Structure formats: structure tokens, C-alpha cells
Amino acid sequence: MKISVIGCGYLGAVHAASMAKLGHEVIGIDTDTARVAALNNGQAPFFEPGLPELLHEGLSSKKLSFSSTISDVQTAEVHFVCVGTPQKPGEYAADVQYVDAAFTALFPYMQAGSVAVGKSTVPVGTASRIAQLMVTQAPNSHLIWNPEFLREGHAVSDTLTPDRLVYGLSDELSAVPAAAKLDEVYAAALSAGTPRLQVNYATAELVKSAANSFLATKISFINAMAEVCEASGADVTALADAIGMDDRIGRKFLNAGIGFGGGCLPKDIRAFMARAGELGADQALTFLREVDAINMRRRSKVVERTRELCGGSLIGKRITVLGATFKPNSDDVRDSPALSIAAQLQLQGATVTVTDPQGLANARVRFPELKYEQDAMMACRNADAVLLLTEWPEFIALDPLAIGEIVASKTILDGRNALEPKKWTQHNWDYYALGRS
Ligand code: UDX
């Protein structure tokens, strides 16, 4: 199948490379010519395990190529739109201008019978609006809304072996051959038994918003429990283990700590609230305001806790922050709780050194005033407190004995409840965690 992928950011680059891996002939389109040149040289624009290998394989077999010229898509039968929908500055709503621009650019090059597939996370109602535009601008073509659920750090396997496929379809007769075309694209996953749900446009769009809202709510729920645990002397990790054993609840996404960040969950719950407001259903999602507030409170809580650990003032204190990215196995620092805490500590008078296996280049651009050190041991030298804020395996494996010899004070705050407390206390560290006495 000849496929085009419009937008080669996180979602699009992984999708293009994965579709080539499945044997399709793929052209990836992006307006950023530097990004296109890098991709054509096999360089992934971000750190994602497995992506460089897929790019290399696709480019060598000539099944994969990238271009900035939209007319290059015209021989493709299926066009995936994978552009971003960032939060509008100063508003909760998502900015859909890139989605609109991508479809508008694509329409003139769609052949009769070809299929446009929207993968971007959009406010409910967007697909119907785009389908309306297609009636005149790309007649005899069809639109399917096919949300993706990939997680950074697992993006390749999530794309090659998704846990479900959701097709948002119109109720027109042309939806049937269009869905059959998409089935051909996903033949490998479908033959492996991946469930495929056919729903209407609005449901497909909402599946994505609802899934991310549920995940965010689950994390904020356990972080709210962490607050109560702190006030009552209980242990939130034991609590999560115990409630997680109930199949109806499940242990996943119940890790209390400094909360969620990244390019998706924070902006998606806000965009969902904004859209519900436009639809007159804002009351239904007022709880998401609290989810957001609990999450942001985690960051200020860590700053306060660090101040206490430093004897009541951060001024002149040397703090080492282990972790810049919003989660491990990524170089993404968008809305990273770790980096946001580091910046707040620095603003309040501390000298903060941040270390991270992959995220320092991006972190430097966002917060140039922080100190950065690639080597975690070097970063800990003379620290008055060490904060674990992103649970990279490298940090969990750090040797408390060796670090204990180079820090100024053996004080560690585990912002992810990821360390083994005994491992640290047996070497005379003062170990502190969130939601645990
Ligand atoms: C998320 C969704 O999981 C994915 O399905 C969707 O397509 C995009 O958004 P991602 O942003 O890659 O994926 O990260 P995710 O693994 O969901 O983690 C989000 C944030 O929550 C991270 O900052 C992580 O550290 C935090 N988190 C996660 C917790 O604080 N506790 C947990 O128990 C789980």
C-alpha cells in the first residue's frame, strides 16, 4: 500500500517508520526542511528507543522517504495526518490550525477513492467539520478518524502492536471501502487479533480525550491519597499495592510522586475541558480542574519539602536534580515536572544542577539559567540535597555509598517513590519520599 504521513513529529515520524516496517511504501511530509533532511539521513529528531533502527531499515529498503513537497503524496492511497495540536497560549483550548492546514494542503492531491486518516488528538467535532470540507475540496475521497494511543518511550511497539484500533467513520456508504483500505494498512495487527472498534467520528475523538483524562485522573487520585498519607502517617506505595490488587482498580498508573507532565496529558485534559465548555457540558468535566490542580500542587510541594530539608531556606543551597525529562526513556522536557521543580528551586535562591541521560539538550533550551551536568556522579558533587525527579534506571542503580562520599549532605528526596529506601538509609542517608512517612 502506498501511504503518506503528513507531519513528522513524535507521532508522524514513528508512524511513518513503523508503516514502512510493515511493508508499505511510505512518504513522510513535513514543512520543516531541516527535519526532513535529518530524517532522510536516518537521524531521528528525538530520542525514541527502536526508531533509529526502523528509519535505517526503511530508508535502506527504499520503502521510506521524507519530503517537504506536499504534491509528493499524490500517488498514495491512504494519507495519515499526524500534526500537533498544542495548547493555545493563554487558553485551555487546543490549537487546531496545523490540522486544518494539513488537510487543506492535502485535499488537492487526493485521488478518487483515497482515504484521509486523522490521527492527531483533536477537539470533538473536528472530524465532522473536516469531512464537510472534503465534500467540495476532495470529492470521492473519505475521512476516517483513527486516534493513536502511543506512549513515548514505547512508541514503536505501541504503533506496531497496538492494543486496539479505533476507526471513526461517517455513516456514508463510502465508509465501507475506506475502512477496508485501512484494514489493509493494519493487516498485520488485525491478523494478530487486535480488536478493531468502528464508531462514529465524535466517539473516536472522545475515546482519545477520555482515555487520557482517565489516566490523568488515576495519577492525581493516587497523588491526592499521597497528601492524605502524609497527613496521617500512612504509606501511599503500600496503599497503591493493596488497592491495585483489586482487578477493577489495577496497579498501573498508581505511582504517586511529582505527577504527570509531557506533551499530552496536561494539554489534553485542558483542551477537553475547553471543548466541553463550548458544548455546554462544562459541568461534566469540572473534576478535571481538580485533577490538574492536584497535579500542579505536587510540584510546589516538592519545592517546599526541599526548603524544609535545607533548614528553612533555599538561598545559597546546592541542589542536584536527577532527571530533566517528563519520564524515563525519552528526551522530551515539555511540561516536565522535574524541570519545572528545578527552575522553581533556582528562582528561590538555590543553585541547581540537573543531570539526565537524554534530556539535557532540550532542557538547556527551555531553562538556560540552570546548571547542567551529563555525569550523574559529577552532578552530585557538594550537593546539600539530591532530588530524584525522573526514574531513569541509571539513577535507581546509583551507588549510595559512592555518592555519599562526594555530597555535602546525605539527604535524598525520592520524588517518584522509585528508590529502595533501605539501600540508602543503610549508608546513613536521610531518605525522604512523597506520601510515605
Ligand atoms: C500519554 C498516554 O499514556 C498515551 O496513551 C497517549 O497517547 C499520550 O499521552 P505519554 O505522554 O508518553 O503518554 O506518557 P505516560 O506514560 O502516560 O506518562 C505521563 C506522565 O505521567 C509522566 O510524566 C509520568 O511520569 C506520569 N506518571 C505515569 C505518574 O506520575 N504516575 C504513574 O503511575 C504513571
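Counting starts at 1 for both ligands and their atoms, following the listed order. Given the structure is predicted, the values throughout are model-derived calculations rather than measurements.
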(message) Is it the case that the side chains of Tyr432 and Asp414 hold a donor-acceptor pair, with the cut-off being a distance below 3.5 Å and no angle test?
(response) no
(message) Show me which atoms of ligand 1 lie under 4.0 Å from any heavy atom of Gly261.
(response) 20 (C), 23 (O)
(message) Tell me the nearest of Ile219, Thr121, Asn212, Asp335 to atom 27 (N) of ligand 1, using heavy-atom distances.
(response) Ile219
(request) Grab the two heavy atoms, one from Asn212 and one from Cys264, that are nearest each other, plus how far apart they are. (result) ND2-CB, 4.3 Å
(message) I'd like to check whether Phe149 has a polar contact with ligand 1, where a contact means an N/O of the residue lying under 3.5 Å from an N/O of the ligand.
(response) yes
(message) Please check whether Asn255 reaches ligand 1 - meaning an N/O of the residue sits under 3.5 Å from an N/O of the ligand, judged on distance alone.
(response) yes
(message) Quick check for you: to the nearest 0.5 Å, what is the distance between Leu398 atom CG and Met377 atom CE?
(response) 7.5 Å
(message) With nothing but distance in play, are any N or O atoms of Leu215 less than 3.5 Å from an N or O of ligand 1?
(response) no
(message) Could you tell me, atom by atom, which parts of ligand 1 come under 4.0 Å of a heavy atom of Leu254?
(response) 33 (O)
(request) For Glu152, take its heavy atoms, then give the atoms of ligand 1 lying under 4.0 Å from any of them. (result) 12 (O)
(request) Using a strict 4.0 Å cut-off to heavy atoms of Leu150, name the atoms of ligand 1 that fall inside it. (result) 4 (C), 6 (C), 7 (O), 8 (C)
(request) Between Phe326, Tyr10, Phe260, Phe253, flag the one that comes closest to atom 11 (O) of ligand 1 by a heavy atom. (result) Phe326
(message) Using the rule side chain to side chain contact (heavy atoms under 4.5 Å, CB included), only one of Thr31, Val99, Val96, Leu11 pairs with Val83; which is it?
(response) Val99
(request) Using the six-membered ring wherever Trp is involved, compare the ring planes of His15 and Tyr186 and label them parallel, tilted or perpendicular (cut-offs 30° and 60°). (result) perpendicular
(message) I'd like to know if Lys208 contacts ligand 1, where contact means a heavy-atom distance under 4.0 Å to any ligand atom.
(response) yes
(message) Out of all atoms in ligand 1, which are within 4.0 Å of some heavy atom of Cys264? Include the element for each.
(response) 8 (C), 9 (O)
(message) Among Asp183, Asn146, Asn200, which residue satisfies the side-chain hydrogen bond (donor to acceptor under 3.5 Å, both in side chains) criterion with Tyr167?
(response) Asp183
(request) Using distance alone, decide if ligand 1 has a nitrogen or oxygen within less than 3.5 Å of any nitrogen or oxygen in Arg416. (result) yes
(request) Any chance you could measure Lys181, atom NZ, to Met1, atom CE, to the nearest 0.5 Å? (result) 6.0 Å
(request) Verify the distance criterion only: is there a donor paired with an acceptor across the side chains of Lys317 and Thr306 at less than 3.5 Å? (result) no
